[in-house]
Amino acid sequence: MQLQRKILILNASPRIGGNIDIILKKIIQALGNKAQVKTIYLNDLNFRPCQACNGCDKDAICVLDDDLRAVYKQIIEADVIILGSPIFFGSLSAQAKMLIDRMQPFWVAKARLKRKSLKDKKGFLILVAGSGNKTFFENALAITKNFFKVINAKYCGQLFFEHIDKKGEILDFPGLEPEAEKIARATLEP
Ligand SMILES: Cc1cc2nc3c(=O)[nH]c(=O)nc-3n(C[C@H](O)[C@H](O)[C@H](O)COP(=O)(O)O)c2cc1C
């Protein structure tokens with residue numbers, strides 16, 4: 001029997017039941033039982049931003065003992081990463097950026113220690129913005145691509161929704177389910 005693909009969903013919105021939450025749940029629904037799905041609500045975690053202490057320089061292990069210890073393990077084991085974030089002040093939310101800065105141990109492993117131990121992954125980005133300013137999506141995408149590169153994830157797809165502001169407003173977007181199904185299918189492709 002073939003092992004199910006491990007899909008790790010990183011929800012970087014603080015709003016439970018908000019737009020990102022709704023979209024990610026539509027993707028999970030579309031996946032059904034075809035994958036092993038785990039969602040992490042970054043806002044629920046207790047973790048600090050990177051302290052630039054160089055503590056990870058020699059062994060690629062972060063010295064901070066907080067909730068990210070478990071998340072590092074989930075990232076290592078994942079076959080697919082889906083990052084969902086609202087646009088806050090023109091870019092990813094602080095929850096997402098704090099996580100990404102803490103990927104420094106993965107950068108050390110790859111760039112300094114020349115380790116090639118991380119398995120290939122697929123990466124997807126889901127964004128929602130109150131405005132229609134495309135530069136904000138470009139900013140968030142550029143940062144996400146850095147993140148995906150460092151964890152060995154190939155950028156494989158995106159859903160960017162503009163002019164969605166109020167909590168739950170995404171439900172008025174007529175094509176939401178087909179779009180979520182498209183992402184779900186793409187996560188399962190070889
Ligand atoms: C602190 C904060 C900053 C925001 N900054 C922006 C912004 O710079 N540009 C924009 O288009 N929308 C901005 N928004 C609007 C959110 O992107 C929008 O409300 C989104 O739908 C929230 O998604 P959520 O319900 O998943 O949290 C901001 C909202 C908040 C709370």
Side-chain angles (χ1 to χ4, degrees), residues 6-32 35-51 66-68 70-71 74-75 78 80-103 121-148 151 153 155-188:
K6 286 185 181 166
I7 301 183
L8 180 62
I9 299 185
L10 302 168
N11 183 334
S13 166
R15 222 161 36 169
I16 305 283
N19 298 311
I20 284 294
D21 201 23
I22 290 168
I23 301 162
L24 294 175
K25 283 181 177 150
K26 294 280 181 201
I27 296 172
I28 295 168
Q29 205 181 330
L31 282 165
Q36 206 178 306
V37 184
K38 160 99 188 154
T39 304
I40 296 177
Y41 287 86
L42 298 180
N43 198 52
D44 287 347
L45 302 183
N46 187 6
F47 71 105
R48 303 186 67 201
C50 175
Q51 301 299 298
D66 58 21
D67 287 353
L68 281 203
V71 178
Q74 306 266 10
I75 289 174
V80 177
I81 305 279
I82 303 177
L83 174 64
S85 175
I87 293 292
F88 281 179
F89 280 84
S91 185
L92 293 171
S93 69
Q95 287 84 348
K97 187 61 169 61
M98 246 170 82
L99 172 85
I100 292 171
D101 288 356
R102 288 282 302 275
M103 295 298 108
K121 306 176 196 302
K122 291 177 138 203
F124 295 84
L125 176 63
I126 317 297
L127 297 173
V128 174
S131 75
N133 189 330
K134 305 224 178 330
T135 314
F136 300 159
F137 291 139
E138 286 161 21
N139 295 341
L141 176 59
I143 297 165
T144 302
K145 283 189 171 169
N146 273 331
F147 167 42
F148 284 166
I151 60 164
Y155 190 62
C156 290
Q158 62 188 40
L159 287 181
F160 296 169
F161 296 96
E162 54 187 29
H163 301 299
I164 303 286
D165 205 9
K166 285 199 276 305
K167 187 174 180 179
E169 200 178 341
I170 191 69
L171 289 169
D172 298 334
F173 183 84
L176 176 60
E177 265 155 41
E179 292 290 344
E181 283 160 13
K182 228 188 285 172
I183 293 291
R185 272 197 305 277
T187 65
L188 299 172

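All values below were derived from every heavy atom in this structure, side-chain atoms included, with hydrogens, water molecules and symmetry-related copies excluded. Just so it is clear, the structure is predicted and the values come from calculations on it, not from any experiment. In each ligand, atom 1 is the first atom listed, and ligand 1 is the first ligand listed.
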Measure the spacing between [atom1] of [X] and [atom2] of [Y] and express it to the nearest 0.5 Å.
X	Y	atom1	atom2	result
Leu24	Ile9	CG	CD1	5.5 Å
Glu181	Leu31	CD	CG	10.5 Å
Ile40	Leu8	CD1	CG	4.5 Å

When you measure from atom 19 (O) of ligand 1 to each heavy atom in Asp165, Ile170, Asp21, which option holds the nearest one?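 Shortest heavy-atom distance from atom 19 (O) of ligand 1: Asp165.
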
Selection from Asn133, Thr135, Ile87 by shortest heavy-atom distance to atom 4 (C) of ligand 1: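 Minimum heavy-atom distance to atom 4 (C) of ligand 1 goes to Ile87.
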
Test of proximity, [X] against ligand 1: N or O pairs below 3.5 Å:
X	value
Asn19	yes
Lys166	no
Ile164	yes

May I ask you to identify, for Ser13, whether its side chain, its backbone, both or neither come under 4.0 Å of ligand 1 on a heavy-atom basis?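 Side chain only.
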
Considering only non-hydrogen protein atoms, determine which one is nearest to [atom] and report residue, atom name and distance to 0.1 Å.
atom	value
atom 26 (O) of ligand 1	Ile20 N, 2.8 Å
atom 5 (N) of ligand 1	Phe89 N, 2.8 Å
atom 2 (C) of ligand 1	Phe88 CD2, 3.5 Å
atom 12 (N) of ligand 1	Gly130 N, 3.2 Å
atom 23 (O) of ligand 1	Pro86 CB, 3.4 Å
atom 8 (O) of ligand 1	Gly90 N, 2.8 Å

At a 4.0 Å threshold, what atoms of ligand 1 neighbour a non-hydrogen atom of Val128?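 The list of qualifying atoms is 17 (O), 20 (C), 21 (O).
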
Near Gly18, which atoms of ligand 1 are under 4.0 Å from a heavy atom of that residue?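 Selected atoms, number and element: 25 (O), 26 (O).
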
Which pair of non-hydrogen atoms, one from [X] and one from [Y], has the smallest distance, and what is that distance?
X	Y	value
Gly168	Asn19	N-OD1, 3.1 Å
Asn43	Gln95	OD1-NE2, 2.9 Å
Ile87	Ala140	CD1-CB, 3.9 Å
Asp44	Asp67	O-OD2, 4.5 Å

Report the relative orientation of the aromatic rings in Phe160 and Phe137; use parallel for angles under 30°, tilted for 30 to 60°, perpendicular for over 60°.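 Geometry flag for Phe137 against Phe160: parallel rings.
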
Sidechain-backbone polar pair: Lys167 side chain, Ile16 backbone, donor-acceptor under 3.5 Å: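 Flag set: sc Lys167 to bb Ile16 pair under 3.5 Å.
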
